[in-house]
Amino acid sequence: MMKGLLLKDLYIAKSNILVTIVSLIVLGFGLSVLLEASALLVLAPPCATTAVFISITSDANSKWSKNVITMPVSRSQIIGEKFILYIILSALGIIAALIPCGVLAIFGAEISLASLLLYGSIGASAALFAGCFSLPCAYFFDPDKSQIVFMMSFLASTGIIVALVLLINLFIPVKGNILLPFNIVLIIAAIFFFISHKIAVMAYQKKDIT
């Protein structure tokens, strides 16, 4: 049943997903003129996850939330599917950003593995932090404002990442070893995302769907 929920959401948001992926690829080539193309990896995961909030809004407008609880699927699966979809779309965003990087590298552009790992780590961390705040809020409050909540969460996640890196720098010097602190931040973001899922599931178990 979880697979069916995922397919439903992917079908609803497929046009948005395709537009986002194509836009990221084109933007990657455009950035290569001014910046390092791998910098797109910072924006790609958060941008790709907007389709999750489109699916949440669609569920609310179509009264899907009232219908799905009558189906042979648990409430934890209903919430869990949104979190899984979020991760899948984040991964698709990273893949889309890697396409122009790979093409440019083939044609001689200097794109290092270290920069790909660094920017990818930052982008994934930003997406996870934004998701751990915005997903529960968007699902339990006003779905129509979910994308606004997401944008605010993304801005907040940027501040959290900076604060964590500065904190880590007190124990592990960032200069000369920049990848390790950001990988630690990524692990922390993943833990927060997992905790957010558990909190969302517990809250939804008690929610009155009317």
Side-chain angles (χ1 to χ4, degrees), residues 9 13 16-17 20-21 23-24 27 31 35 38-60 78-94 96-97 115-172 174 178-204 207:
D9 281 343
N16 178 268
I17 294 172
T20 301
I21 289 176
S23 298
L24 287 172
L27 182 59
L31 278 176
L35 302 170
S38 55
L40 182 63
L41 286 165
V42 175
L43 297 175
C47 289
T49 55
T50 55
V52 177
F53 302 98
I54 291 175
S55 74
I56 293 175
T57 302
S58 176
D59 287 350
I78 295 172
I79 291 294
E81 181 268 333
K82 299 297 183 185
F83 280 79
I84 292 173
L85 178 64
Y86 193 91
I87 294 173
I88 290 174
L89 292 177
S90 296
L92 287 176
I94 291 174
S115 66
L116 291 175
L117 292 174
L118 175 61
Y119 291 131
S121 179
I122 296 172
S125 298
L128 290 174
F129 275 126
C132 78
F133 296 122
S134 60
L135 272 176
C137 292
Y139 211 87
F140 297 122
F141 296 101
D142 187 355
D144 291 325
K145 297 178 181 178
S146 59
Q147 295 191 38
I148 298 176
V149 173
F150 172 71
M151 291 302 298
M152 294 176 63
S153 298
F154 180 61
L155 293 174
S157 69
T158 303
I160 292 172
I161 291 172
V162 172
L164 285 174
V165 170
L166 291 176
L167 179 62
I168 294 171
N169 186 54
L170 297 176
F171 306 95
I172 303 174
V174 173
I178 194 169
L179 190 57
L180 178 59
F182 281 100
N183 284 339
I184 294 174
V185 170
L186 178 58
I187 293 172
I188 295 173
I191 293 172
F192 269 78
F193 192 78
F194 177 78
I195 294 173
S196 173
H197 166 254
K198 294 300 180 183
I199 293 174
V201 167
M202 288 189 292
Y204 193 63
K207 184 177 176 67

Contacts table for residues 162-169: side-chain donor-acceptor under 3.5 angstrom, sequence neighbours left out:
unit_1 : atom_1 : unit_2 : atom_2 : d
Asn169 : OD1    : Val174 : N      : 2.8

To the nearest 0.5 Å, tell me how far [X] [atom1] sits from [Y] [atom2].
{"X": "Leu92", "Y": "Cys47", "atom1": "CG", "atom2": "SG", "value": "13.5 Å"}
{"X": "Leu186", "Y": "Phe129", "atom1": "CG", "atom2": "CZ", "value": "9.0 Å"}
{"X": "Ile122", "Y": "Thr158", "atom1": "CD1", "atom2": "OG1", "value": "10.0 Å"}
{"X": "Leu128", "Y": "Ile87", "atom1": "CG", "atom2": "CD1", "value": "7.0 Å"}
{"X": "Leu40", "Y": "Ile94", "atom1": "CG", "atom2": "CD1", "value": "11.0 Å"}

How would you list, by chain and number, every residue that makes a ring pair (Phe, Tyr, Trp, His ring centres under 6.0 Å) with Phe154, sequence neighbours excluded? none
Any residue meeting ring pair (Phe, Tyr, Trp, His ring centres under 6.0 Å) with Tyr119, in chain and number order, not counting sequence neighbours: none
If you look at every heavy atom in [X] and [Y], which pair is closest and at what distance?
{"X": "Glu81", "Y": "Asp9", "value": "OE2-OD2, 2.6 Å"}
{"X": "Ala130", "Y": "Ser153", "value": "O-CB, 3.5 Å"}
{"X": "Pro46", "Y": "Gly123", "value": "CD-O, 3.9 Å"}
{"X": "Tyr86", "Y": "Gly131", "value": "OH-N, 3.2 Å"}

Applying side chain to side chain contact (heavy atoms under 4.5 Å, CB included), can you list everything that pairs with [X], at least two apart in sequence or on another chain?
{"X": "Ala51", "answer": "Ala13, Asn16, Ile17, Leu89"}
{"X": "Leu155", "answer": "none"}
{"X": "Ala44", "answer": "Leu24, Ala97"}
{"X": "Ile187", "answer": "Ile191"}

Measure the shortest side-chain to side-chain distance between Ile172 and Ile184 over non-hydrogen atoms and say whether it is less than 4.5 angstrom. yes
For residues 193-203, run the donor-acceptor check on the side chains, cut-off 3.5 Å, and write out each pair with its distance to 0.1 Å, sequence neighbours left out.
unit_1 : atom_1 : unit_2 : atom_2 : d
Ser196 : OG     : Cys132 : O      : 2.7

Which residues share a side-chain hydrogen bond (donor to acceptor under 3.5 Å, both in side chains) with Ser38, sequence neighbours left out: Glu36, Ser115
Would you say the side-chain atoms of Ser121 pair up with the backbone N or O of Leu118, donor to acceptor, closer than 3.5 Å? no
